[in-house]
Amino acid sequence: MDKIAIEQKWNQLWKEQKAYSFDRNNVKDKDYVLEMFSYPSGAKLHIGHWYNYSLSDSYARYRVLKGKNVYQPMGFDAFGLPAENYAIKTGIHPQDSTLKNIAVMEKQLQDMGALFDWDSEIKTCMPDYYKWTQWMFCQLYKNGLAYRKKAPVNWCDSCQTVLANEQVIDGKCERCGHEVVKKDLTQWFFKITQYAEELLNDLDKLDWPEKTVAMQRNWIGKSVGGEIEFTLESGKAFRVFTTRADTLYGCTYVILAPEHPLVDEITTAENKEKVALYKEQSLKSSEIERLSTAKEKTGVFTGAYAINPVNGEKVQVWVGDYVLYSYGTGAVMAVPAHDERDFIFAQKHGLEIKRVVCDPNGNEELPFCQYGTLINSQEFDGMDSATARVEIVKKLETQQKGELKTNYRLRDWLVSRQRYWGAPIPIVYCPDCGTVLDERLPVELPYNVNFTPDGESPLKKCEEFINTTCPKCGKPAKREADTMDTFVCSSWYFLRYPDANNDKEPFSTEWIDKMLPVDKYIGGAEHACMHLLYARFFTKALRDMGYLHFDEPFLSLVHQGTILGPDGNKMSKSLGNTVSPDEYISKYGSDVFRTYLAFGFKYIEGGPWSDDGVVGINKWLDRVERQVQLAFGDYPTTQENGKAEQDLNRVLHNTITHVDEDYASFSFNTAVARMMELTNALAKYEGQATKNREVYTNVAKQLVILLCPLAPHFTEELWHQIGQEGFVIRQKFPKFDENALKVQQVELLVQVNSRPKARIQVATGLSNEDLQKTVLCDEKVQEALNGAPIKKVIVVPNKLINFII
RNA sequence: GCGGAUGUGGUGAAAUGGCAGACACGUAAGUUUCAGACGCUUAUACUGUAAAAGGUGUGCAGGUUCAAGUCCUGUCGUCCGCACCA
């Protein structure tokens, strides 16, 4: 068979004769299979795309064979930084390059022969989509879930531009090498923290990989503790957050984050210079660097003192960069006796270390960071830490000096981007009315914009865009010049797909309540914390506004692994280790390529690229073709259903049950292995002098159906070669017959003291006593036992018997 | 650093606590062929042996168990994420 020539033929025929399409009138059997949509970054599909999309399509096809009405949409996450950077470099407009890339990718995805529902295609950069992204912003704003506050950005003074984290290399601008600084801008946030508790609790409902659930749990980072108020000599107060209020009597100093607004105010004249210098330095390092426990804990004294509310003690106020302004209150109480970092810091700067918790095991060593019994803590002496951490805060509560508080590591979602290629934020600033939501959607992104960086958001310089009228009073007003994070676009696209052509609303509530949640979501593990959390947040927020009536968007989640370069590194142009799928596809065809991807890697792990097995798969498909054709060829027949037939059938049903499970769990490599075994069994049966045509052809036919999800064009051609009616994809997944697996005899392993000694044939279904008798009659077994008394016998049915002597 | 994974032949990899290496690639020998390609057969963890028998083997060190790649403790290496890449 010319595997390449037949591909176009079947793609064409499938399309013309509607071999498969989602049936909108049969929602009860719907199966929403969704792959994370792709960013149209390069001109062509790379190996990663193939790995993700062709094999999820195999899963989708498997579900179709299992009788499901599969809905598998496809689209493009088309806004984003790379297109804009490319534009700055080459002058090619992001819209032009993006739409061109999309056109090429669409063609390639269609050639893949996947069951995508192209009627519901989405491109997030088109006004008919981002209109509704802006609508989402409006709803969040109206429900108090969008707000503005100041937040720092990475700023390169030389390029006069905001930089993404990935554009900052070792604290320097990737373009010019100039030092990057933090700069405060007023920016838009979504209040995802309002849903922190529900986002955490509902993780239990999800059929997600455990590690992803663990990562989200950690990302949300719930910690239960208390806020405690310290008063400055000036009378001003600030709060610290702690989970260890039981150690409050051991607090010997407090530390403020360098960004804390009080720092400048309280620093005494003689410390001003030193503190200013320290602040400047710490603002240059990233949070990861600052939190690293390997890094030396640094800090400087402000000269100010604060009062510990629980005992009135005067403690020094320091500035230290291991305290983050973005977490808790941006200030911590330091208890060197009972905290590792504080201990190191105190030793270095000669600060007092005061023990207030005893180790129940009498260990005198410091720091002691576990729970214990309180000492030197006035009326709390003798209390255990667990009780005291609540009781001490409760006491302060009566004096309005503290309160119990649950903190989350999760921060509100910063959605402002000072960039061109994104969805404009639908906000207008009116001199009279102030900040006004603009619901005259879409707020269109203008084409003619100068996006060369010069310190301003590109849209700010576009007169036709920035100047508008106030939606409230109609007077001249200015638009918000920032655009939205592209994660906003991808936080609701799965809701748009089923109703992609709706121009009245983002989606019909009634319809998506039927179509969602997504039954199987497939995508990279790198999205564990951000995209997957944002999409869950959107779903819950829209539910609370009444636009939909389910709690979670993705019931079941699978991560595909990453195909790395042959050198084991991530494929990247700069490393020069990229591998193009094109040469394999033009040489062997897409079916061979995707079957190889299925067989050569563990789907959820991926691994370094190697094409060692591609020829092997090509050979195997040829072998399948040969074996199947032989089954439908001429040969002497028999009506007998003897051992050879039973053996062949046993392999068939063993294959059916395993391939079924393997497809369901994305274990494509073992599915292929099982089908190879079936091919081997067919070859073996072919050697029989006379063959039972019914059994033989049935096995061959079932093999073609089993293989259809991985090699759709190939199996379709073969199906017709052997004279079958209809399309393979319209057949039923082979039915498993447990009886076919039954055998009369098994080989049993006999162990003595857990050492293998003999293998003997025994009948199945014997009782343990009968089995023992049979086994003990065997010569080799007797020899191994050598007459020693048997202390214990362990039987694993049909597998082994172990005599302990 | 924190969080999450992961470690098995020459290679990709299999193994509900029950014969480690299924299924392939590669390699070697044989067979078919005028020849090559294709196909077919056999072997292929290490060590040992004439051949067997035996011994050793799942990063490393311990532990639990009749039995450990699998469970537990510790340790080392590698990979991924860390909030403006998507």
Side-chain angles (χ1 to χ4, degrees), chain A residues 36-39 41 77 79-82 85 151 153-154 162-168 187 209-215 217-219 221 286-295 322 326 409-419 485-487 489-490 523-531 533-534 559 561-562 564 568-570 596 599-602 605-608 610-617 619-620 622-623 626 667 669-677 679-680 683 687 747-756 759 791-797 799-805:
Chain A
M36 289 179 184
F37 61 176
S38 68
Y39 180 78
S41 52
D77 191 12
F79 276 136
L81 188 62
N85 286 341
V153 293
N154 300 312
V162 173
L163 296 176
N165 282 345
E166 72 158 10
Q167 296 175 295
V168 183
Q187 308 189 72
E210 254 176 71
K211 60 170 184 173
T212 310
V213 171
M215 280 168 92
R217 209 165 257 142
N218 203 266
W219 187 263
S286 74
E287 278 189 13
I288 294 171
E289 286 159 9
R290 282 171 58 170
L291 280 176
S292 168
T293 43
K295 177 183 165 277
Y322 69 97
S326 56
R409 214 176 63 92
L410 180 69
R411 312 204 283 253
D412 276 339
W413 174 13
L414 195 168
V415 296
S416 297
R417 297 290 181 269
Q418 296 71 39
R419 304 195 181 277
D485 179 5
T486 53
F487 273 123
C489 310
S490 59
E526 67 274 20
H527 292 287
C529 293
M530 301 176 66
H531 162 63
L533 200 60
Y534 296 151
H559 293 307
T562 314
L564 306 169
N569 292 306
K570 240 183 176 170
Y596 171 65
F599 184 59
F601 304 85
K602 208 195 280 192
E605 282 180 14
S610 149
D611 61 8
D612 279 352
V614 181
V615 275
I617 289 294
K619 280 199 311 206
W620 176 58
D622 288 343
R623 194 168 143 89
R626 214 164 37 243
S667 180
N669 56 344
T670 51
V672 175
R674 292 284 101 80
M675 288 188 273
M676 284 171 169
E677 282 171 356
T679 317
N680 292 343
E747 191 188 70
L748 190 80
L749 175 74
V750 184
Q751 295 183 329
V752 175
N753 285 348
S754 306
R755 307 296 290 182
R759 289 153 223 281
K791 279 199 236 160
K792 195 174 168 188
V793 182
I794 293 138
V795 177
V796 181
K799 280 204 174 142
L800 66 79
I801 182 162
N802 187 3
F803 297 99
I804 309 304
I805 58 172

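Any value given below was found using the heavy atoms of this structure, including those in side chains, with hydrogens, waters and symmetry copies removed. Convention: sequence-line order gives letters A, B, ...; per-chain numbering from 1. If you're wondering where the values come from, they're calculated on a predicted model, not measured in any experiment.
Across all strands shown, S490(A) has no heavy atoms under 4.0 Å from either base or sugar-phosphate atoms. Residue contacts shown for L410(A) include a base, since a base heavy atom lies under 4.0 Å away. Within 4.0 Å (heavy atoms only), R419(A) reaches at least one base atom of the nucleic acid. Nucleic acid contact class of D612(A) (heavy atoms, under 4.0 Å, all strands): sugar-phosphate only. Within 4.0 Å (heavy atoms only), H527(A) reaches at least one base atom of the nucleic acid. Among the heavy atoms of the strands lying under 4.0 Å from T486(A) are primed sugar atoms or P, OP1, OP2 only; no base atom is included. Counting any heavy atom pair closer than 4.0 Å across all strands shown, E677(A) reaches sugar-phosphate atoms only and no base atom. Looking at heavy-atom distances under 4.0 Å, I794(A) makes contact with a base. N680(A) comes within 4.0 angstrom of sugar-phosphate atoms only, judged by non-hydrogen atoms across all strands, and of no base. Within 4.0 Å (heavy atoms only), G221(A) reaches no atom of the nucleic acid at all.
Residues R419(A) and N85(A) bring no donor and acceptor atom of their side chains to less than 3.5 Å of each other.
Side-chain proximity of W219(A) to the nucleotides rC84(B), rA83(B), rA13(B) is greatest for rA83(B).
Atom CH2 of W620(A) is separated from atom P of rA22(B) by 18 Å (rounded to the nearest Å). The distance between atom NZ of K791(A) and atom P of rC66(B), rounded to the nearest whole Å, is 11 Å. In this structure, the CZ atom of R674(A) is 8 Å from the P atom of rA15(B), given to the nearest Å.
Using a 4.0 Å cut-off, some side-chain N or O of R417(A) falls inside it from OP1 or OP2 of rC84(B). In this model, the phosphate group of rA14(B) is approached by a side-chain N or O of N669(A) to a distance below 4.0 Å at OP1 or OP2. Listed pair R623(A) / rC40(B) meets the phosphate criterion, a side-chain N or O lying under 4.0 Å from OP1 or OP2. Applying the 4.0 Å criterion to OP1 and OP2 of rG81(B), one finds that K211(A) has every side-chain N and O outside that range.
For the C1' atoms, the distance from rG26(B) to rG21(B) is 16 Å, rounded to whole Å.
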